[in-house]
Amino acid sequence: MSTPLFCYGTLRHPHVMQRLLGWAPEASAARLPGYRCLQVVGKAYPGLWRDRSAICPGYLYHGLTQHDIARLDHYEGDDYVRRYATVRTPGGGRLTAWIYLYRRPEKLTTRIWRYETFLRDSLVNYLSEL
């Protein structure tokens, strides 16, 4: 069984996953305590940053292959590093999942990135650039 992946930004959208992987894995809601999802300067996507007082909402993807993870690593590029973290499920369970942690604090704003805002304002253009 592969380690699940917790996604908090653009990878939450099934069309983004479809474009990147050629398929859209099923997602389930989850939360990542101790992290905040912040807007990256001038970008439609966020960066995940450590903040002990925060809880970041997102989705868990199960069943990703090593090939899928390699493609997502390439997509995330050098600004992100994949790490393990403990994620909480809606029923109160905890499990270990991969996360993509942002590595460029100088590019982060203090503004919370919102998935709903991305869907409304940026999704169409974002998909056209993939």
Can any side-chain N or O of [X] pair as donor or acceptor with the backbone N or O of [Y] at less than 3.5 Å?
| X | Y | answer |
| --- | --- | --- |
| Tyr8 | Tyr100 | yes |
| Arg103 | Val81 | no |
| Gln18 | Gly22 | yes |
| Arg19 | Leu127 | yes |

Could you tell me the separation between the [atom1] atom of [X] and the [atom2] atom of [Y], rounded to the nearest 0.5 Å?
| X | Y | atom1 | atom2 | value |
| --- | --- | --- | --- | --- |
| Arg111 | Thr117 | CZ | OG1 | 8.0 Å |
| Tyr61 | Cys7 | OH | SG | 5.5 Å |
| Leu64 | Leu5 | CG | CG | 6.0 Å |
| Ile69 | His74 | CD1 | NE2 | 15.0 Å |
| Ile55 | Leu32 | CD1 | CG | 9.5 Å |
| Lys43 | Ser122 | NZ | OG | 12.0 Å |

Intermediate values then yes/no, side-chain contact (heavy atoms from CB on, under 4.5 Å), Leu21 and His67 = CA-CA 9 Å; Leu21 302 178; His67 179 72; over 6 Å; no

Can you see which heavy atom on [X] is nearest to which on [Y], and at what distance?
| X | Y | answer |
| --- | --- | --- |
| Leu123 | Leu119 | CB-O, 3.7 Å |
| Pro25 | Met17 | CG-CE, 4.0 Å |
| Pro14 | Ala24 | O-CB, 3.6 Å |

Tell me every residue that passes side-chain contact (heavy atoms from CB on, under 4.5 Å) with [X], counting only those two or more places apart in sequence or in another chain.
| X | value |
| --- | --- |
| Ser53 | Arg36, Asp51 |
| Ala97 | Pro4, Phe6, Leu60, Val87, Leu95 |
| Lys107 | Val40, Asp79, Tyr102, Arg104 |

query = Looking at residues at least two apart in the chain, or sitting in another chain, which of them share a ring-ring contact (aromatic ring centres under 6.0 Å, His included) with Phe118?
reply = Trp113, Tyr126

inquiry  = Pairing donors with acceptors under 3.5 angstrom, does anything connect the side chains of Tyr75 and Thr10?
reply    = yes

ask   = Does a donor on one side chain sit under 3.5 Å from an acceptor on the other, for Asp68 and Thr65?
value = yes

request  = Any pair with a residue in residues 19-58 that passes ring pair (Phe, Tyr, Trp, His ring centres under 6.0 Å), sequence neighbours left out, goes on the list, sorted by first then second residue, please.
outcome  = none

ask   = Which residue pairs pass the side chain to side chain donor-acceptor pair (under 3.5 Å) test when at least one of the two sits in residues 81-96, sequence neighbours left out?
value = Asp73-Arg82

Pair Glu106-Val41, side-chain contact (heavy atoms from CB on, under 4.5 Å): steps then yes or no = CA-CA 9 Å; Glu106 71 280 3; Val41 174; over 6 Å; no

key: Intermediate values then yes/no, side-chain contact (heavy atoms from CB on, under 4.5 Å), Leu38 and Thr110   = CA-CA 6 Å; Leu38 298 174; Thr110 57; 5.7 Å; no

